[in-house]
Amino acid sequence: MGRTQKLMSAREAVSHWVGDRCESLAVGGMHMHNNPMALIREIIRQGKKIKRLITSPSADINADLLIGAGLVEEILTAYVGFEHLGLAPNFRRAVETKSMRLLECDEPFIVYGLQAGAGGLPFIPYPKGLELNDLHKINPEMYRFTTDPYTGDEVMTAAPIKPSVALVHCQEADPYGNALFKGSEFTDRQMVMAADTVIIQAEKIVPDLARKYGSTKVNVPGFLVSAVVEAPYGCHPTSSHGYYTFDEAHLKEYIKACKTPETFAAYLQHYVTGIPEEEYAGRIGTERLQALSKRGESE
Amino acid sequence: MGRTQKLMSAREAVSHWVGDRCESLAVGGMHMHNNPMALIREIIRQGKKIKRLITSPSADINADLLIGAGLVEEILTAYVGFEHLGLAPNFRRAVETKSMRLLECDEPFIVYGLQAGAGGLPFIPYPKGLELNDLHKINPEMYRFTTDPYTGDEVMTAAPIKPSVALVHCQEADPYGNALFKGSEFTDRQMVMAADTVIIQAEKIVPDLARKYGSTKVNVPGFLVSAVVEAPYGCHPTSSHGYYTFDEAHLKEYIKACKTPETFAAYLQHYVTGIPEEEYAGRIGTERLQALSKRGESE
Amino acid sequence: MSEKTYSTAELMACVMSRHLQDGEVAIMGAVSMIPMAACRMAQETHAPNLYYIAGGSGAVNPHLEPLVFSSCDDENLRSDAAMALPDVILLEGHGKRLDVFFGGGLQIDKYGNCNLVCIGDWDKPALRGPGTVGLPFLPRAGRVVIYTTSHNARTLVEKVDFNSGPGFLDGPEGWAAKGLPGNGPALVVTPLCAMDFDEKSKIMRLKSVHPGVTVEQVVENTGFKLIVPEHVPTTPEPTETELKALRQIDPTGVARNLI
Amino acid sequence: MSEKTYSTAELMACVMSRHLQDGEVAIMGAVSMIPMAACRMAQETHAPNLYYIAGGSGAVNPHLEPLVFSSCDDENLRSDAAMALPDVILLEGHGKRLDVFFGGGLQIDKYGNCNLVCIGDWDKPALRGPGTVGLPFLPRAGRVVIYTTSHNARTLVEKVDFNSGPGFLDGPEGWAAKGLPGNGPALVVTPLCAMDFDEKSKIMRLKSVHPGVTVEQVVENTGFKLIVPEHVPTTPEPTETELKALRQIDPTGVARNLI
């Protein structure tokens with residue numbers, strides 16, 4: 001008997017593993033790095049509705065594009081922005097016009113919440129002082145208080161986060177779903193550990209990953225992964241740590257395109273809905289992508 | 001201005017950073033692997049009393065030797081044993097004769113507790129079902145109960161663990177305390193993150209560790225480390241992952257020596273108190289140590 | 001038993017291996033040479049998609065050629081992947097990640113509760129054991145497989161002196177009321193026999209006696225009233241395929257020579 | 001200002017750098033080009049044992065030659081060490097690990113509270129910002145250094161519309177009552193001046209005006225009643241050593257060209 005491979009195309013993976021109205025979808029990557037854009041574009045092509053979008057502590061185009069495409073009913077996030085390039089246009093508009101419900105939280109909420117979700121922990125209590133901001137006032141459903149049984153103090157808590165599906169970019173994976181991050185892991189591995197279903201996109205499929213890097217580097221175990229999608233340049237226009245940097249010009253073009261419904265529709269048509277994912281790299285251009293590639297590996 | 005190096009001998013490190021009656025001492029390593037024996041032997045030579053010894057979820061000779069030397073007033077542990085070689089003789093005797101206080105806990109208590117200690121979290125609540133064993137009945141000080149504010153259920157909690165000193169073996173370190181584990185990390189890194197003072201012993205001092213391995217592999221940051229001790233074969237008779245395996249014959253000799261006070265005293269005199277740490281490897285024998293070394297690196 | 005072409009430990013590994021299903025995830029702790037051999041064997045025979053985690057090492061699917069003694073040996077890290085121990089603890093707590101958890105103890109009682117802590121009162125033990133380690137997670141694993149290399153009335157007892165690894169607790173009512181994610185103990189493997197648990201009473205039940213062992217021997221060596229069905233089959237001997245796989249995994253007899 | 005041999009951003013980096021002590025540990029989040037330049041500069045000048053952590057990347061002491069824009073860039077991983085983000089979160093919560101936490105916001109009020117969430121009511125914002133990220137940890141850092149590239153009355157306000165990064169809260173009584181591990185905001189760096197906080201009232205106080213800036217300009221552009229001491233010195237210009245270090249770190253002007 002042979003082992004069952006989990007390799008499939010972005011289309012197959014999203015079609016098979018993401019419901020038409022996904023209860024909660026976690027998207028990996030942080031700021032303009034490691035965003036699983038190949039899978040996110042496929043979510044848009046297939047028009048999958050997202051009841052709740054869950055982001056890493058700092059989301060970027062991964063969240064903004066889904067919001068712009070009108071697929072997100074509510075978002076649990078601590079930050080959506082484009083770092084030095086400015087605010088996130090679709091996120092900002094959707095919040096200001098109330099076309100999307102916002103479950104506002106902070107960075108530790110996401111980290112603690114995923115940790116609790118991954119570990120079956122009922123909640124995580126905050127360190128003292130983290131209740132001094134205004135978040136719990138506007139999100140009392142998620143931020144609750146209980147008693148510290150060791151001191152008797154009242155402490156704020158973070159609720160567990162258990163995404164129904166997580167989309168995560170790993171630099172390399174084997175056909176069975178074992179995978180690794182070449183640079184920073186951000187909260188991606190926590191998403192993998194907390195989610196019911198995990199789809200990994202990878203720059204490269206490497207049959208003998210553990211022999212190449214040592215098993216301790218391969219810290220996403222295949223049994224947590226439902227599907228593996230080979231997606232070279234699949235983070236574009238964001239970076240893939242150790243492979244290529246982000247495409248600043250494209251991100252600026254995106255932000256500009258978000259200014260009017262017409263220009264955003266044209267962006268979507270040109271880069272997402274008008275082509276299958278396999279044609280995306282060609283649309284960006286091989287030379288341009290190669291120019292983004294790292295000179296050497298950063299580690 | 002230059003950077004300050006933290007390199008010192010085992011004697012200097014223990015003398016300078018460990019109090020004569022150490023409030024709580026955490027010792028790294030798990031089972032017969034990565035035990036920081038060079039530092040532990042030095043603790044014995046200097047007769048440092050340990051108010052509370054804190055172990056990884058599975059301690060071995062690291063705890064048993066300190067107990068045998070009569071230095072441990074109380075121990076917080078989930079397991080002390082020699083795996084396939086049998087029970088831990090000094091631990092067993094000290095508990096059965098009540099010459100040492102036992103704070104009995106389970107593996108998750110140590111992991112959750114160190115996590116809480118590292119992160120300033122007031123406690124960690126257990127997953128449901130982990131209160132069904134008898135531990136909280138005999139250790140109600142540490143295992144307490146509070147209310148899950150999301151369900152109203154009563155949940156058991158683990159108290160934070162904040163060792164005053166942690167002794168940890170890393171395979172390689174730089175002179176500033178940045179260090180790495182070549183194989184398994186066990187709970188050693190959590191001890192580093194939770195302790196007030198950390199002494200690292202390392203097989204090898206490597207000036208440019210991050211360039212050699214990539215910075216993400218160097219996950220013990222130097223600012224958490226107070227002293228670095230070069231200690232080749234410093235885990236003997238336990239293994240050092242990626243460097244050498246455990247010395248089964250020596251461990252059996254140790255267990256046998258523990259049978260009577262006289263033979264144990266002779267063991268201590270021969271291997272610990274009668275020699276400075278620098279002479280330990282010679283006492284074991286170079287050939288024997290080399291025979292324990294790995295053929296290649298396991299990763 | 002002198003003519004046997006296999007050891008008792010090997011037969012135990014076969015019984016465990018046969019219990020594991022393709023696609024499952026199993027985990028084990030210290031002193032787990034037999035379960036580790038069983039998992040590798042299952043992968044080589046009927047369950048190529050089985051995943052198993054070697055306890056404290058965090059190794060996922062150690063290649064183990066050959067098998068080693070220690071669950072935390074770096075040889076285990078010749079594997080498909082490896083997780084840091086705190087992440088393994090998260091997996092164990094999750095409630096839906098692990099299909100099979102291998103457990104055991106100094107004492108095992110009729111409801112499958114395990115004791116690794118002490119014989120006698122905790123406060124003044126007749127024998128102090130090593131400690132509970134990860135056994136408290138048993139109620140959150142899909143199924144628990146219990147094993148011991150000592151089938152006698154001191155090990156298999158009416159009630160554990162200390163419950164460090166909960167089985168069916170005090171019986172079906174209490175157990176059901178807890179609403180746990182796990183399904184409790186499913187299989188017990190000893191040098192004499194295999195046992196499972198009666199669906200209703202949750203009491204340990206003889207499932208098969210190993211070749212050459214009688215039902216009476218089992219009953220005599222068990223410290224509580226074991227449920228004995230009318231017909232008790234004999235544990236099937238290792239097949240050639242099984243033995244071949246086992247000996248490829250364990251050429252030096254790390255598991256084989258245990259019993 | 002046309003004759004200056006340095007940019008305003010460079011002067012701000014110098015002010016921050018001078019505040020950092022040898023042996024301290026600093027941390028910063030997104031859009032932190034100036035603080036990152038300041039930390040590297042401090043290492044190259046008076047604080048060789050300073051450690052700093054580049055936010056989400058988890059990188060400890062990025063070598064940053066040259067400086068990059070994004071706090072999560074993999075270029076940061078050319079560093080002494082790197083931690084996974086969840087471990088950085090543990091550090092931030094510990095209470096005694098971080099000496100300096102760089103913060104900021106769309107609004108900063110007279111008690112040093114920061115707001116990265118929204119202008120106006122949270123429920124119907126006039127402007128929606130990105131979100132709080134890690135600012136809630138400010139009360140657990142040794143000192144908070146606040147910076148902004150916009151010194152005007154819309155940014156420096158009487159009271160933040162939303163408190164996402166607590167400073168001295170509503171003033172000294174409330175703050176003291178909390179018994180927090182951190183010492184609160186210590187320094188504010190803007191394109192016009194440096195400010196600290198009055199020990200008693202905990203209200204922001206002018207510390208020095210940058211060369212060419214008048215006290216009146218600062219007061220006019222501040223949306224609350226700033227404490228102005230009788231004597232307000234001028235911020236010392238960057239020394240040659242400082243500028244040399246800065247330009248080695250930031251040859252392309254990633255920070256320099258900001259303002």
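Interface summary for chain A: among C:Leu91, C:Ile89, C:Val60, C:Asp80, the most heavy-atom pairs under 4.5 angstrom belong to C:Asp80. Among the candidates A:Leu121, A:Asp196, A:Leu224, the residue making the largest number of heavy-atom pairs closer than 4.5 Å to chain C is A:Leu224.
Ring-plane geometry between A:Tyr143 and A:Phe109 is classed as tilted, the angle between the planes lying from 30 to 60 degrees on a 0 to 90 degree scale.
Proximity to chain C is limited to the backbone of A:Ala194, based on heavy atoms less than 4.5 angstrom apart. Contacts of A:Asn178 with chain C are made by side-chain atoms alone, with heavy-atom separations under 4.5 Å and no backbone atom involved. Using a 4.5 Å cut-off between heavy atoms, A:Gln190 does not touch chain C at all. There is no contact between C:Leu50 and chain A, counting heavy-atom distances below 4.5 Å. Neither the backbone nor the side chain of A:Arg211 comes within contact range of chain C; no heavy atom of the residue lies under 4.5 Å from a heavy atom of that chain. Both the backbone and the side chain of C:Asp87 have a heavy atom closer than 4.5 Å to some heavy atom of chain A.
Here the rule is side-chain hydrogen bond (donor to acceptor under 3.5 Å, both in side chains) with C:Tyr6, and of C:Glu237, C:Arg247, C:Arg256 only C:Glu237 fits it.
Cation-pi check for A:Arg3 over A:Tyr176 is met; the charged atom lies under 6.0 angstrom from the ring centroid and within 45 degrees of its normal.
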**Prompt:** Are A:Lys212 and A:Glu172 close enough, and set up right, to give a salt bridge (Lys or Arg N to Asp or Glu O under 4.0 Å), and what steps lead you there?
**Reply:** CA-CA 11 Å; A:Lys212 182 173 172 193; A:Glu172 299 179 21; 3.1 Å; yes
**Prompt:** Checking side-chain hydrogen bond (donor to acceptor under 3.5 Å, both in side chains) for the pair C:Gln107/C:Asn113: CA distance, chi angles, key distance, verdict?
**Reply:** CA-CA 8 Å; C:Gln107 293 181 324; C:Asn113 301 298; over 6 Å; no
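There is no side-chain donor-acceptor pair under 3.5 Å between C:Tyr51 and C:Gln43.
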